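Just so it is clear, the structure is predicted and the values come from calculations on it, not from any experiment. Quick note on labels: first sequence line is chain A, next is B, and so on, each numbered from 1.
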Amino acid sequence: MMSNGKVVYMDNNATTRIAPEVLEAMQPYLTEYYGNPSSMHTFGGQVGRAVETARAQVAELLGAEPSEIIFTSCGTESDSTAILSALQTYPDKRHVIKTKVEHPAVKNLCENLDKLTGQQHRITRLGVAADGTLNLDSYKAALADDTAVVSAMWANNETGVLFPVEEMAAMAKERGILFHSDAVQAVGKVPINMKKNQIDFLSLSGHKLHAPKGIGVLYVRKKTPFVTFLHGGHQEKGRRGGTENVASIVGLGKACELAGKMMAEENTRVRALRDKLEHGLLSSIPKAILNGHAELRLPNTSNISFEYVEGEAILLHMNRHNICASSGSACTSGSLEPSHVLRAMGVPFTAAHGSIRFSLSIYNTEEEVDFVLAKMPEIIANLRAMSPFWQG
Amino acid sequence: MWEYTDKVQEHFINPKNVGELDKPSGTGEVGSLACGDALKLTIQVDELGIITDAKFKTFGCASAIASSSVLTEIIKGMSIEDAAKLTNQQIADALGGLPKEKMHCSVMGREALEAAIADYRGVILPMAQGNVVCECFGVTDLEIIRAIRESNLRSVEDITNFTKAGGGCGKCEDKLREILQQTVQAMATEKASQPKTQRLTTLQKIKKIEDVIEREILPTLKKDGGGIELIDVDGDIVTVSLRGACSRCQSSLTTLKDYVEKKLREQVAETLIVEEAR
């Protein structure tokens, strides 16, 4: 345990802490300003203005128009809304393109489209290279006349690898195909400017950038046809029914403002911490392998496989030192197979079961990185001493 | 996060008997890197057939390590005969239980022990001779049938939790369902045809006989205008009197032996003999 007794939290791709500034901005909307933004009275109306301020803050971070921002309950809702909207816009086109490494929010929606809509769909699942990157030639070849929508993540949640989504969106646009990107991991970590690309739909999630859980956004480009997913009241201009989650919306707005200011730090100080951690682990522990492209990825993520040991066992030993991270091993997920992302990359089984994802944030310190570097070699060595496959 | 018992945590953090014996009497190796867990167990057996030492090496999650560790503790000092009877449930129980999704870790422990004992005895395990059903994890039909029988499994999910079969691509799910149905059916048939070995008191026996006559035999005979009355039970001799149409029927002996006696043997005791009152 760190001398200050604090948790060393390096699992920020799973979720993040709420920034103190965000909590402060939210508090009045959980106490005195409880009005309904739709109400006619001033008491509710002032709450409505707070929602519009937040909408502008989100739009600012994305280089979007406020009218292009729809508040949702989470990233998953945003993904479902976008893909189902596109399919309803083109009822005669039943082809969907996605990558093999999409988040379950997109993956499992696509796998269940036939059941959900009662229609037959053709799904193209684009493979990735060993370093997790996407081949644009095979993408281009997959675009077809019956393609309704392409869904590709901006950054992968497990490896942090970035996809050339802006280029991909331009290629889709030429063929009149709608393009969705799950940017849940990318927003706040890499610059995004929707004015400079042709992406139709973009999903983000509050709790990945220091806002609370239970708030998300779907960006829908102006003039992109849109079909409502959650029908109800006239909230969000009829595009998403349900009374606004005001406090969380205000929190997300604040978090986006902060993310804009912190983007530089994310790409300098956080990146340097990540690199120090990564180089330290790779040099002090034998048979440790980096998963994913070393350059084309988020500044905060490092996914490392420790061969011949199993991820859950590693995590539980880290947990004893109050170090939090994730694993792509089978045992941690409750399934029996290792992560679909690592398998799509062709990571061998000797390594896939022993993968650990470290994901940092602006709240991590160098002291914490040093602490992790001091603990990891012993944890891995002890487990290897117990492994029948480890030959010393 | 998994809910592990204190016992699991204890054996995971401070595992007992880690390593490999120098000149083991028997070695059992199960699992593989691809499967995500593997266990190599070495045992030392003395001339009296007692396991004097055991060591393990495990690749796997916390519950796999804990199952291996507790297994070595259980079998040290045990005779080979007793060790051969060890069940995966006993391993799980010694850990204060395992999450159901992790039961396969206890099965792996038992399998390694069996393999080590077979190696010591110089025999080949029959389980490996089955046909592979789950290709992802290399699980054979014999292993699946055994798990269903031993742990009374009732769903494909149960089978996956205990053997891992079906936990990969899922292509063998239909086959697993088929094996499950066949095995459960076979178990039911065996149970029905099993001799009722449990000893009944005379009073219990009479009550059961009356009950079967009342509930099953009489209604059937009544359909043909017949009837039956219980006269006496003396040891295994059940004396009855046929009534109505049955008493005049040519085939009353057939009714008595092929129907009444058969029913009573099935449902009360295999040794019963039914006779007609004279």
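- Residue pairs satisfying the salt bridge (Lys or Arg N to Asp or Glu O under 4.0 Å) criterion with at least one member in residues 117-131 of chain A, sequence neighbours excluded, are listed as follows: E111(A)-R125(A), R122(A)-D146(A).
- Atom-to-atom distance recorded for Y308(A):OH and L383(A):CG is 15.5 Å, nearest 0.5 angstrom.
- A cation-pi arrangement is present between R17(A) and Y363(A), with the terminal nitrogen or guanidinium carbon under 6.0 Å from the aromatic centre and inside a 45° cone about the axis.
- If you measure heavy-atom distances from S32(B) to chain A, the contacts under 4.5 Å come from the backbone alone.
- Only the side chain of R320(A) has a heavy atom closer than 4.5 Å to any heavy atom of chain B.
- Salt bridge annotation for D141(B)-K175(B): absent, with no cationic side-chain nitrogen under 4.0 angstrom from a carboxylate oxygen.
- Contact of N382(A) with chain B is not made at all, since no heavy-atom distance falls under 4.5 Å.
- If you measure heavy-atom distances from P99(B) to chain A, you find no contacts under 4.5 Å at all.
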